[in-house]
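Okay, structure first, notes after.
Counting starts at 1 for both ligands and their atoms, in listed order. Nothing fancy with the numbering, it's 1 onward along the sequence.
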Amino acid sequence: MTDTAIEFTGVEKHYGETRAVAGVDFAIARGELVTFLGPSGCGKTTTLRLIAGLELPTAGTILIGGRDVSREPASSRNVGMVFQSYALFPHMSVLDNVAYAPVIRGGDRREAQARAREILAMLGLDGLGARLPSELSGGQQQRVAVARAIVQQPDVLLFDEPLSNVDAKLRRRVRAEIRDLQQRFGLTAVYVTHDQEEALAVSDRIVVMDHGRIAQIGTPHDLYDRPNSRFVADFIGDANLIEGEVAGGTFHAADLALPVSGPDGPALVSVRPERIALKAPDAAPLGTVASASYLGSRMEYVVTTGFGDLLVSAPITAQALTPGAKVGLRLDGAVRTARDGGMTA
Ligand code: ATP
């Protein structure tokens with residue numbers, strides 16, 4: 001038995017001229033939840049479909065549980081899938097929906113139903129087995145879809161944008177439930193979303209994709225605190241990207257000077273809006289408040305400086321700053337980022 005649940009080596013998937021997946025390498029450990037995140041068309045759904053066996057790779061190798069499944073169809077892989085549409089059978093009871101696959105695969109009907117009942121209870125759905133899917137809330141339907149996928153004890157559970165049909169208020173709760181379930185059952189899960197907050201909330205690790213390639217793989221903290229490219233910095237949360245020059249370990253841009261690592265020369269640094277503090281205007285770097293927005297839990301300012309406009313997220317204070325106010329700035333947590341969108345050394 002290997003600790004690696006899924007391994008991609010040099011995987012490509014072409015559709016005619018389109019390279020949906022353009023040479024991808026990664027490994028997912030057993031019990032890990034890994035999210036594929038990226039803008040529309042970056043190749044995340046294709047990657048998920050390659051794991052499921054719904055697509056076969058044009059090149060490269062896919063291992064699941066150490067076994068080469070590159071040329072095997074979905075039916076011979078033990079992979080469960082939860083779709084955004086839930087794909088429940090509308091005319092079947094919840095219990096029959098969950099027991100369906102084991103019965104179809106030749107299992108005993110009573111046994112399958114007993115197992116389905118057990119799983120429904122574990123998911124807090126006991127007593128709902130006799131209902132039709134249409135008689136459940138969106139969140140409950142989502143849990144039935146999960147129950148239906150895990151009843152088969154899959155090696156890997158795949159989630160394709162599972163929350164896109166759940167209304168915004170429920171989304172937080174359901175995503176926490178999915179994460180809780182995955183951890184309780186020790187499931188290996190691969191999750192696709194284009195919502196960066198959802199990815200940060202549920203994942204052990206995130207794979208950010210861009211044009212069929214992996215831009216960065218890391219924990220939510222890694223990606224947020226140490227994005228390795230302009231693309232990742234911009235895609236995960238808000239980032240202030242500042243162009244300047246490094247000389248002797250100090251990054252300079254107009255009246256800004258920050259300690260950074262790496263070689264001398266032109267450089268780009270990224271600073272998160274909540275890592276900028278606004279102070280009295282008595283020392284450089286200085287700025288002028290251009291706009292101030294009250295967002296309930298925090299203030300959001302745009303501050304004009306000699307090195308560009310900065311987005312600043314600040315706690316609510318008794319006296320909010322108003323446009324035109326002169327401020328001093330303190331920038332923390334600056335990271336050097338690749339200037340061309342590629343990787344830093
Ligand atoms: P979205 O968030 O919009 O679903 P995605 O990141 O999941 O995007 P994919 O669905 O993986 O992106 O698509 C990657 C690229 O491959 C796109 O350019 C898409 O148009 C193309 N593509 C995907 N499936 C096919 C197909 N069956 N035939 C032709 N081109 C395809």
Side-chain angles (χ1 to χ4, degrees), residues 6-28 32-62 64 69-75 77 79-87 138 142 145 149 156-168 171 174-175 178 188-218 220 223 227-237 341-343:
I6 305 172
E7 192 168 354
F8 271 45
T9 310
V11 172
E12 305 206 7
K13 178 66 188 177
H14 306 172
Y15 297 106
E17 293 291 292
T18 308
R19 296 175 91 201
V21 174
V24 156
D25 301 278
F26 62 84
I28 296 175
E32 200 179 19
L33 190 159
V34 173
T35 298
F36 283 77
L37 175 71
S40 182
C42 70
K44 50 195 189 298
T45 305
T46 304
T47 304
L48 197 78
R49 292 173 62 81
L50 285 164
I51 298 171
L54 297 170
E55 304 286 350
L56 297 181
T58 312
T61 311
I62 299 174
I64 297 183
V69 297
S70 311
R71 311 307 320 160
E72 289 189 9
S75 55
R77 302 185 192 187
V79 169
M81 202 146 175
V82 179
F83 297 95
Q84 46 186 272
S85 57
Y86 315 143
Q142 181 58 262
V156 179
L157 192 54
L158 307 179
F159 291 92
D160 184 10
E161 303 248 4
L163 302 184
S164 45
N165 288 333
V166 178
D167 74 58
R171 217 170 283 162
V174 180
R175 80 186 180 207
I178 290 178
T188 305
V190 181
Y191 195 106
V192 162
T193 182
H194 60 265
D195 179 337
Q196 50 99 9
E197 185 187 293
E198 193 174 314
L200 291 171
V202 301
S203 314
D204 290 306
R205 285 189 302 153
I206 299 172
V207 179
V208 181
M209 290 192 74
D210 181 21
H211 290 96
R213 294 181 187 279
I214 293 177
Q216 191 172 356
I217 303 184
L223 295 193
N228 68 5
S229 64
R230 182 192 278 268
F231 175 78
V232 175
D234 242 358
F235 197 76
I236 304 226
M343 305 287 180

message = Please check: side-chain N/O of T9 versus main-chain N/O of G60, any donor-acceptor pairing under 3.5 Å?
response = no
Check: A20 N/O within less than 3.5 Å of ligand 1 N/O = no
Q142 side chain vs P162 backbone, donor-acceptor pair below 3.5 Å = yes
key: Protein heavy atom at shortest distance from atom 27 (N) of ligand 1   = Y15 CE2, 3.5 Å
inquiry  = Please tell me if atom 20 (O) of ligand 1 is touched by the protein, where touching means a protein heavy-atom distance below 4.0 Å.
reply    = no
ask   = Numbering the atoms of ligand 1 from 1, which are under 4.0 Å from a heavy atom of P39?
value = 6 (O)
ask   = Does ligand 1 have an atom that lies less than 4.0 angstrom from a heavy atom of C42?
value = yes
inquiry  = Could you check whether any side-chain N or O of T18 sits under 3.5 Å from a backbone N or O of A20, counting only pairs where one atom can act as donor and the other as acceptor?
reply    = no
message = For ligand 1 and E161, I'd like to know whether there is a polar contact (N/O to N/O, distance under 3.5 Å).
response = no
note = Of all protein heavy atoms, the one nearest atom 10 (O) of ligand 1 is T45 CB, 3.7 Å
message = When you measure from atom 29 (C) of ligand 1 to the protein, is at least one non-hydrogen atom found at a distance under 4.0 Å?
response = yes
ask   = Can you tell me if R213 uses its side chain to pair, donor with acceptor, with the backbone of C42 under 3.5 Å?
value = no
request  = Note the single closest protein heavy atom to atom 9 (P) of ligand 1, along with its residue, its atom name and the distance in Å.
outcome  = T46 OG1, 3.5 Å
request  = Please confirm whether the backbone N or O of V192 pairs with a side-chain atom of K44, one donor and one acceptor, at under 3.5 Å?
outcome  = no
ask   = Which option, G38, G43, G212, owns the non-hydrogen atom nearest atom 12 (O) of ligand 1?
value = G43
N or O contact, K44 vs ligand 1, cut-off under 3.5 Å = yes
key: Backbone of G237 reached by a side-chain donor or acceptor of Q196 within 3.5 Å   = yes
query = Would you say the side-chain atoms of T58 pair up with the backbone N or O of H14, donor to acceptor, closer than 3.5 Å?
reply = yes
inquiry  = Evaluate T18 for polar contact with ligand 1, using N/O atom pairs at a separation under 3.5 Å.
reply    = no
query = Hey, is the main chain of L33 close enough, under 3.5 Å, to the side chain of D204 for a donor-acceptor pair?
reply = yes
query = Nearest protein heavy-atom contact for atom 3 (O) of ligand 1: which residue, which atom, what distance?
reply = S40 OG, 2.6 Å
ask   = Does R77 reach the main-chain N or O of E72 with its side chain, forming a donor-acceptor pair under 3.5 Å?
value = yes
key: ligand 1 atoms in contact with G41 (distance to a heavy atom under 4.0 Å)   = 1 (P), 3 (O), 5 (P), 6 (O), 8 (O), 12 (O), 14 (C), 15 (C), 17 (C)
